Number of protein chains: 2
Amino acid sequence: MRAEALKGHLDGLLLAVLDGRALHGYAVIEALREGSDGAFDLPTGTVYPALRRLERAGLVRSGWSTVAGRRRRTYELTDAGRRALASQRTAWEAFSAAVSALLGRRDPWPATH
Amino acid sequence: MRAEALKGHLDGLLLAVLDGRALHGYAVIEALREGSDGAFDLPTGTVYPALRRLERAGLVRSGWSTVAGRRRRTYELTDAGRRALASQRTAWEAFSAAVSALLGRRDPWPATH
DNA sequence: CGCTATATGTAGCAATACTATCTATGGAAC
DNA sequence: GTTCCATAGATAGTATTGCTACATATAGCG
């Protein structure tokens, strides 16, 4: 997976794994890995700053908790986050369809010139 | 369409519209717009530098021609470009499947914690 | 006591698409 | 005939963003 492929799509994925449940950063990384069948195994340096970015944007809300002596910053969606997720899903459908239409064809173009 | 969504995917799209035919930059822009049903209407400041980038990488080859008093720099795939296109298609399948798996579900996660 | 998994975080880097701007020709509109 | 649009190419500078590398710390296992 090329590094740049994810650009512009990570936010939507983060919102998606937080949909309906609160997770801390480390668990988000695991959810992305498992939910993508191993395709997305993202480093902490990618996910933690991205979650903070979403929080600054008001799409998630965070709070601290301590479990078994380890501190966790837990994230959950805000109302704006849920709306953003819905719009990201729509945008993905459009983007995905457009790329597939262009890239998907296995035969070269008919000679038109 | 968010600007960042395209990042990392443009090269594959450019290679795809050049598959089996030679096009000049302006025609590439039109091919992207028409082939994506209007979803991708890219500015010249995006496409021209990207084509030069592909040429530096050895994936396309360019030559000049003049049609109706207008000079055109025409691009066509190299062998390496065709190989790169095949690998981009495979990468897109994997990426697309992974994102759809995470983003595609319309129902929130079951409560597991 | 060292190693691994868990857990959070930052600084700096590299890649890349976009905005804004510039030049130029041919043809249509007025 | 001159203004405007479509065609055609190009570049400088900017902003965003994901990644690498590094730093810190606890729990549990051998």
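Residue numbers begin at 1 in each chain, while the letters A, B, ... track the order of the sequences. Everything numeric here is computed off the predicted structure, so don't read it as measured data.
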Undergrad: Side chains of residues 29-36 of chain B: which donor-acceptor pairs under 3.5 Å do they make with residues two or more places apart or in other chains?
TA:
from	atom 1	to	atom 2	distance (Å)
B:Arg33	NH1	B:Asp41	OD1	3.0
B:Ser36	OG	B:Leu32	O	2.7
B:Ser36	OG	B:Arg33	O	3.3
B:Ser36	OG	B:Ala39	N	3.3
B:Ser36	OG	B:Phe40	N	2.9

Undergrad: Under a 4.0 Å heavy-atom cut-off, which of residues 70-78 of chain B touch DNA chain C?
TA: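 The answer is B:Arg70.
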
Undergrad: Before giving the answer on side chain to side chain contact (heavy atoms under 4.5 Å, CB included), spell out for B:Leu103 and A:Leu85 the whole-Å C-alpha distance, their side-chain angles and the decisive distance to 0.1 Å.
TA: CA-CA 9 Å; B:Leu103 206 58; A:Leu85 174 56; 4.0 Å; yes

Undergrad: With sequence neighbours excluded, tell me which residues meet side-chain hydrogen bond (donor to acceptor under 3.5 Å, both in side chains) with A:Ser87.
TA: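 A:Ser87 satisfies side-chain hydrogen bond (donor to acceptor under 3.5 Å, both in side chains) with no other residue.
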
Undergrad: Taking all non-hydrogen atoms of both residues, which atom of A:Phe95 and which atom of B:Ala5 are closest, and how far apart?
TA: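 Looks like CZ-O, 3.3 Å.
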
Undergrad: Determine all donor-acceptor pairs shorter than 3.5 Å in which one atom belongs to a side chain in residues 76-83 of chain B; sequence neighbours excluded.
TA:
from	atom 1	to	atom 2	distance (Å)
B:Thr78	OG1	B:Gly58	O	2.7
B:Thr78	OG1	B:Leu59	O	3.1
B:Thr78	OG1	B:Ala80	N	3.4
B:Thr78	OG1	B:Gly81	N	3.0
B:Asp79	OD1	B:Arg82	NH2	2.9

Undergrad: From the 5' end of DNA chain D to its 3' end, which nucleotides mark the outer limits of contact with chain A, defined by a 4.0 Å heavy-atom distance cut-off (strictly under)?
TA: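 First-to-last contact on DNA chain D, by the 4.0 Å heavy-atom rule, is D:dT17 to D:dA27.
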
Undergrad: Tell me, with the steps shown, if B:Arg89 and B:Asp19 meet side chain to side chain contact (heavy atoms under 4.5 Å, CB included).
TA: CA-CA 12 Å; B:Arg89 279 177 166 141; B:Asp19 190 22; 3.8 Å; yes

Undergrad: Identify the pairs formed between an N or O of the protein and an N or O of nucleotides 14-17 of chain C at a distance under 3.5 Å, and give each distance.
TA:
from	atom 1	to	atom 2	distance (Å)
C:dA15	O3'	A:Glu4	OE2	3.3
C:dA15	N3	A:Lys7	NZ	3.4
C:dT16	OP1	A:Arg2	NH2	2.9
C:dT16	O2	B:Lys7	NZ	2.9
C:dA17	OP1	B:Gly8	N	3.0
C:dA17	OP2	B:Arg53	NH2	2.7

Undergrad: I'd like to check A:Val17 versus A:Arg21 (side-chain heavy atoms, cut-off strictly below 4.5 Å). Are they in contact?
TA: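 Yes; the side chains approach each other to less than 4.5 Å.
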
Undergrad: Hey, which of these two, A:Pro49 or B:Val67, hits DNA chain D nearer its 5' end, going by closest nucleotide?
TA: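 Nearer the 5' end of the strand: B:Val67.
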
Undergrad: Could you work out, with side chain to side chain contact (heavy atoms under 4.5 Å, CB included) as the rule, every residue matching B:Arg53, not counting sequence neighbours?
TA: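 With neighbours one apart ignored, the set is B:Asp11, B:Ala50, B:Arg56.
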
Undergrad: In whole angstrom, give the distance that lies between atom CG of A:Leu23 and atom P of C:dA7.
TA: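 Going from A:Leu23 (CG) to C:dA7 (P), I get 11 Å.
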
Undergrad: According to a strict under-4.0 Å criterion, is A:Tyr26 in side-chain N/O contact with OP1 or OP2 of C:dT6?
TA: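 Checking A:Tyr26 against C:dT6: at least one side-chain N or O falls below 4.0 Å of OP1 or OP2.
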
Undergrad: Could you state the CZ-C1' distance from A:Arg33 to C:dA5, rounded to the nearest angstrom?
TA: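 After rounding, the gap between these two atoms is 11 Å.
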
Undergrad: What residues join A:Tyr26 in its hydrophobic cluster, counting side-chain heavy atom gaps under 4.5 Å, either direct or through other members?
TA: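 Direct or chained contacts put A:Tyr26 with A:Tyr48.
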
Undergrad: Any ring-ring contact (aromatic ring centres under 6.0 Å, His included) involving residues 50-77 of chain A? Give me the pairs, sequence neighbours left out, ordered by first then second residue.
TA: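 Every pair satisfying ring-ring contact (aromatic ring centres under 6.0 Å, His included) with a residue in residues 50-77 of chain A: there are none.
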
Undergrad: Report the residues that fulfil salt bridge (Lys or Arg N to Asp or Glu O under 4.0 Å) with B:Arg2, sequence neighbours left out, ordered by chain and then residue number.
TA: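 Salt bridge (Lys or Arg N to Asp or Glu O under 4.0 Å) list for B:Arg2, sorted by chain: B:Glu4.
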
Undergrad: Please report, rounded to the nearest Å, how far the P atom of C:dA5 is from the CD atom of A:Glu30.
TA: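 Taking CD of A:Glu30 and P of C:dA5, I get 12 Å after rounding.
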
